Participant: 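Just dropping this structure here.
Ligands are counted one by one from 1 in listed order, and the atoms in each one are counted from 1 as well. What you see is a predicted model, and the numbers here were worked out from it, not measured in a lab.
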Amino acid sequence: MTTIGFIGLGIMGSPMAVHLARAGHAVAGYNRSPEKTGPLVEAGGRAADSIADAVREADVVALMLPDSPDVTRVLTGEDGVFAHAAPGSLVIDFSTIRPDVTTELHARAVDRGLRLVDAPVSGGQAGAEAASLSIMVGGAAEDVEAARPVLETVGSTVVHVGPSGAGQTVKAANQLIVAGNIALLAEALVFLEAHGADLPAAVEVLGGGLAGSAVLTQKAAKMLTRDFGPGFRIDLHHKDLGIVTAAAREAEVPLAVGGIVAQLVAATRAAGDGSLDHSALYRTIARLAGRSPWDPTP
Ligand code: NAP
């Protein structure tokens, strides 16, 4: 069993750390707001009072933080992971961040005698709670193999997709697909509502055909009941579409559909819905159609 320092016990990190503790690993969890360590401690883990305290004894350091500046600060800051982790430790970054930032942090980790893999996840809060995440892993083959027992404890699909940063590139594509799916699902539901269709019946039959998807299964009911509690926040999806847009520009690839979806997500955030679940993209689509974004029976 492994000694793990887990940093970032939010919507995703908390259930992931709990699964690792329940699997018998010695998990020390650190979160900026200390009250979020409760579930990990209940599962047999330990609440660390600093990053140094979490990582000093760790063989593996796991991160689940919002964005590139957060990961950079936690790894390279004066009191950060690089300053306190033991030589040879393996850093597994589960956060979704920019691929170019990952490759730069990987190089700095190697300079310090550490190892680092990028392991962003898909599957949402439900996937984190069920330990059924899909994990796209970038890094050296031997580091990915060393990380595999930890990855397979929190995920059911673990695929090594290439060198450092490749996991983040695949995750960027994932976020493009998910955002496009959500936007079209929202448009279809607004369309069906405008026709006075039997919505539960429509969703049931759509789910059984080519229009069926994990997005439809997980998000249609949230849209129909206007239950927009997160989940995956619009703010985070806005961040991810910024990553996709920048990476596409770098590769000189246009995002004709994705560009429109990115603007719709930006508009949702600008309307004050940034802390809602990404299914709240429905509210922007409903507003565009001149319909109430809240009323369940428009
Ligand atoms: P979250 O609930 O906001 O959790 C983020 C955690 O990081 C919080 O515990 C927060 O501490 C901590 N944190 C934030 N900034 C920090 C900083 N600068 N230094 C130290 N700690 C900091 O976010 P989440 O939904 O778990 O998402 C985490 C990552 O997973 C993101 O990259 C996201 O894109 C990705 N992701 C999320 C989902 C999803 O469905 N939610 C699915 C797949 C991937 P405080 O408690 O103090 O704020």
Participant: What is the ring orientation for Trp294 with Phe228, classed by angle as parallel under 30°, tilted 30 to 60°, or perpendicular over 60°?
Facilitator: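 Rings of Trp294 and Phe228: tilted, 30 to 60°.
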Participant: Measure from atom 23 (O) of ligand 1 to every heavy atom in Ile97, Asp240, Leu236, Val121 and give the option owning the shortest one.
Facilitator: Leu236
Participant: Please confirm whether His237 comes under 4.0 Å of ligand 1, counting heavy atoms of the residue only.
Facilitator: no
Participant: Does the pair Arg32 and Asp70 meet the rule for a salt bridge (Lys or Arg N to Asp or Glu O under 4.0 Å), with working shown?
Facilitator: CA-CA 11 Å; Arg32 198 175 51 181; Asp70 307 309; 5.4 Å; no
Participant: Give the contacting part of Gln125 toward ligand 1: side chain, backbone, both or neither, where contact means a heavy-atom distance below 4.0 Å.
Facilitator: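 Looking at Gln125 and ligand 1, just backbone atoms fall under 4.0 Å.
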Participant: Quick check: Thr96 and ligand 1, any N/O pair under 3.5 Å apart?
Facilitator: yes
Participant: Given Ser33, Pro66, Gly127, Ser14, identify the one with the heavy atom nearest to atom 7 (O) of ligand 1.
Facilitator: Pro66
Participant: Just which atoms of ligand 1 are under 4.0 Å from any heavy atom in Gly124?
Facilitator: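 Ligand 1 atoms under the 4.0 Å threshold to Gly124: 40 (O), 42 (C).
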Participant: Is there at least one pair of N or O atoms, one from Met12 and one from ligand 1, spaced under 3.5 Å apart?
Facilitator: yes
Participant: Report yes if some heavy atom in the side chain of Thr153 is under 4.5 Å from a heavy atom in the side chain of His25; otherwise report no.
Facilitator: yes
Participant: Looking only at protein heavy atoms, which one is nearest to atom 38 (C) of ligand 1, and what is the separation?
Facilitator: Phe232 CD1, 3.2 Å
Participant: Kindly identify the option in Asn31, Leu133, Val74 whose heavy atom sits closest to atom 19 (N) of ligand 1.
Facilitator: Val74
Participant: Side chain or backbone, does Ile11 bring an N or O within less than 3.5 Å of an N or O on ligand 1?
Facilitator: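 Yes, since at least one N or O of Ile11 sits under 3.5 Å from an N or O of ligand 1.
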Participant: Considering the heavy atoms of Lys239, write down every atom of ligand 1 situated less than 4.0 Å from one of them.
Facilitator: 31 (C), 32 (O), 33 (C), 34 (O)
Participant: Got a salt bridge between Asp67 and Lys239, using NZ or NE/NH1/NH2 to carboxylate O under 4.0 Å?
Facilitator: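 Salt bridge between Asp67 and Lys239, a charged N being under 4.0 Å from a carboxylate O: no.
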Participant: In ligand 1, which numbered atoms sit nearer than 4.0 Å to a non-hydrogen atom of Leu9?
Facilitator: 9 (O)
Participant: Only heavy atoms of Arg73, strictly under 4.0 Å: list the atoms of ligand 1 that pass.
Facilitator: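 Those atoms are 18 (N).
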Participant: Ligand 1 versus Lys171, non-hydrogen atoms closer than 4.0 Å: side chain, backbone, both, neither?
Facilitator: side chain
Participant: Tell me which one of Asp70, Leu65, Thr72, Asp93 gets a heavy atom nearest to atom 13 (N) of ligand 1.
Facilitator: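 Looking at heavy atoms only, the winner is Leu65.
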Participant: Kindly determine whether Lys171 and Asp240 satisfy salt bridge (Lys or Arg N to Asp or Glu O under 4.0 Å), including the steps that lead there.
Facilitator: CA-CA 9 Å; Lys171 172 69 184 184; Asp240 291 348; 5.1 Å; no
